[in-house]
Amino acid sequence: VVSLPIRAWRAATRVELPVNEDRATWILGRIHERARSERAEPTARHACQVCARLAGADGVGLVLARSVDAYELGYSTDPWADEMEELQVALGQGPGIDATGSGMPVLVDELAAVGWRRRWPAFSAEGLLRGVAAMFSLPLGVGAARLGALDLYRRASGPLTGTPLRDAMLCASIAFGLLVDGRAGVRGARPEFDESLVRPEVHQAAGMVSAQLDISLPDALVRLRAHAYAGGQRLIEVARAVVARQLRFTIMDDGPGGGPSGESTQ
Amino acid sequence: VTDTDRRVARTFVELADTLVVGFDVIEFLELLASRCAELLAVDAAGLVLADQRGALTLVAASDEQARLVELVQLEIAEGACLDCYRSGQPVSCADLSTAGERWPRFAPAALEAGFASVHAAPMRLREEIIGALSLFGGQPGELDESARVVGQALADVATIGILHERAMRRTETLTEQLQNALNSRVLIEQAKGVLAERVGIGVDEAFGEMRRYARAHSRKLLDLAAAVVHGDATADDLVERMRTRHTSG
């Protein structure tokens, strides 16, 4: 009666093998190695460096959302990528800005293509002038909790697919965890986001805390992570306590500047 | 043509009808899970998808009991949907009370949730397994051959739905598309949390309210979730209605 074009769909699909946990763990190991060689704590900066190597990019940078329409410079692996990131922030346009807004990767095989030039007239002109042939932006975040984007720059045009793309996405996901950890004041701990992000309770709790404190979702994640770290708990445990209404975050109005807040256990 | 055949055909038409502009992948998968339960004479159905790391996430369930049992499986990393995903083969257990050895933790949990049998079909894309469809029965029993075939067809349609959104968004790879479906699920979980807190109800109740409102106002569930998270006027309207209902009820 009904013929859904299953075969056609399948034929049209490029098959890629899924990445397993081991790959993420391996990449995290590389990031830690890199940090150790500098005698530093692993940060999103190290994730960018590893990302550039694994995905064959000539430069990698981060663009961070300060608020809905304001962006700021994150980190870049070199002055070339840094200049491009600065341009995105100054012009308020570019693949990284779009990826942050939509939460979807923006993959630009050929920056010179008409469609992209129409979309970001100033940014693409400046980019082409500086030798950017291809650029790939991956959102840093989950659901509506987005901190910005990780941008890969290449001097050669052509697609980013297969293992390099998946590695870049894993780097972006680890970089997000590291950014949250950095803001939560976590030091010397493995980023927890790899396991926690598949748990619905973590996202439900982030939603609840964002409403309790009237803060953004990323800030709510930071608060949850900081609370877990301070109490020696896992993020999922804290999230469950919030969802079960055993733990509530409250704004304390008597604290010194900037609206500090506390937590209460019920 | 039997009555069942007609219902199966109607379901496929209904699902195909949703593959249009304005398509919402999570709504599609939720509808599919509900129809699975109705058509295949099982009591509940759930869908899990693998993320970029190969970790499974629940994306849709026909009801709360199925959701809980699926989440338990993911939590303890044991059960029919995991075996099915790992092997790429259908997994079937006609009587969970005899499955204590096979699944020492999952079997008792499923029994406690009121399920006596479980069947899982892989979601396949050529050689690749991207997730699994689980069917839970309240009574012990095998799935008959036709239910097996329809179950696998529905699992294939779920895969098509995920790929369809990909075609609509012109994103290029399956990796991106899977991430998008999972991201949509995360957005809904975040919205459930925001709404639960604003109205003072449980997260599951918040989900039910969101679905009801989306249907009544012909809104996409995902758009409504985004509105809730960003706290716009639609969200205020929804919260106001829910508060009124909860204080008067």
Side-chain angles (χ1 to χ4, degrees), chain A residues 1-6 9-25 68 102-105 107 109 139 141-145 159-162 165-166 169-170 173 194-195 197-212 214 217 220 236 242-243 245, chain B residues 5 8-9 12-13 15-16 19 50-58 71 74-75 125-130 153 156-157 159-160 163-164 166-167 169 171-176 178-180 182-198 202-203 225-226 228-231:
Chain A
V1 186
V2 190
S3 88
L4 283 168
I6 299 181
W9 277 105
R10 288 186 170 167
T13 307
R14 190 163 52 235
V15 172
E16 292 173 33
L17 292 171
V19 167
N20 56 28
E21 301 268 359
D22 299 346
R23 188 74 180 173
T25 307
V68 180
S102 68
M104 287 293 289
L107 307 178
D109 302 3
V142 279
L160 178 67
T161 56
L165 172 62
R166 273 172 294 145
M169 289 173 82
L170 287 169
S173 151
D194 3 349
E195 299 108 60
L197 289 182
V198 297
R199 307 301 185 89
E201 297 98 321
V202 170
H203 308 302
Q204 292 162 2
M208 289 176 70
V209 170
S210 82
Q212 284 165 9
D214 196 16
L217 281 165
I236 182 69
V242 170
V243 172
R245 300 193 194 269
Chain B
D5 290 343
V8 169
F12 280 82
V13 172
L15 290 166
L19 300 176
D51 72 4
Q52 47 182 330
R53 307 188 156 77
L56 293 174
T57 304
L58 178 67
L71 287 175
L74 302 180
E75 169 81 35
L125 198 61
R126 284 196 218 149
E127 308 308 312
E128 185 175 350
I129 310 298
I130 62 168
D156 291 342
V157 170
T159 308
I160 291 171
L163 298 180
H164 179 70
R166 163 187 165 190
R169 288 174 184 262
T171 53
E172 288 190 6
T173 64
L174 177 63
T175 311
E176 287 171 77
L178 283 173
Q179 198 193 20
N180 181 54
L182 295 169
N183 242 341
S184 303
R185 185 73 240 183
V186 168
L187 174 63
I188 287 172
E189 300 302 335
Q190 291 165 339
K192 278 159 73 172
V194 171
L195 203 54
E197 183 61 32
R198 285 188 66 182
V203 284
V228 167
V229 163
H230 298 120

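Below, chains carry the letters A, B, ... as their sequence lines are ordered, and counting in each starts from 1.
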Can you tell me which portion of A/Ala206 sits under 4.5 Å from chain B's heavy atoms? Options are side chain, backbone, both or neither. neither

Mind ranking B/Val229, B/Asn183, B/Leu187 by heavy-atom pairs under 4.5 Å with chain A and telling me who comes out on top? B/Asn183

Checking heavy atoms, do the side chain of A/Val243, its backbone, both or neither come under 4.5 Å from chain B? side chain

So, for A/Ile236 and A/Glu201, which heavy atoms are closest and what is the spacing to 0.1 Å? CD1-OE1, 3.9 Å

Locate the shortest heavy-atom distance separating A/Ser210 from B/Val194; write the atom from each residue and the value. OG-CG2, 3.7 Å

Is there a side-chain contact between A/Arg245 and B/Glu197 (heavy atoms, below 4.5 Å)? yes

Assess the residue pair A/Leu165 and A/Leu107 against the criterion (side chain to side chain contact (heavy atoms under 4.5 Å, CB included)); give the C-alpha distance rounded to whole Å, side-chain angles, the decisive distance to 0.1 Å, and a yes or no. CA-CA 10 Å; A/Leu165 172 62; A/Leu107 307 178; 4.3 Å; yes

Side chain, backbone, both or neither: which part of B/Leu71 has an atom under 4.5 Å from a heavy atom of chain A? side chain

Cut-off 4.5 Å, heavy atoms of chain B, and the answer for A/Ala220 is neither

Do B/Glu75 and A/Arg199 make a side-chain contact, defined as non-hydrogen atoms from C-beta onward lying under 4.5 Å apart? yes

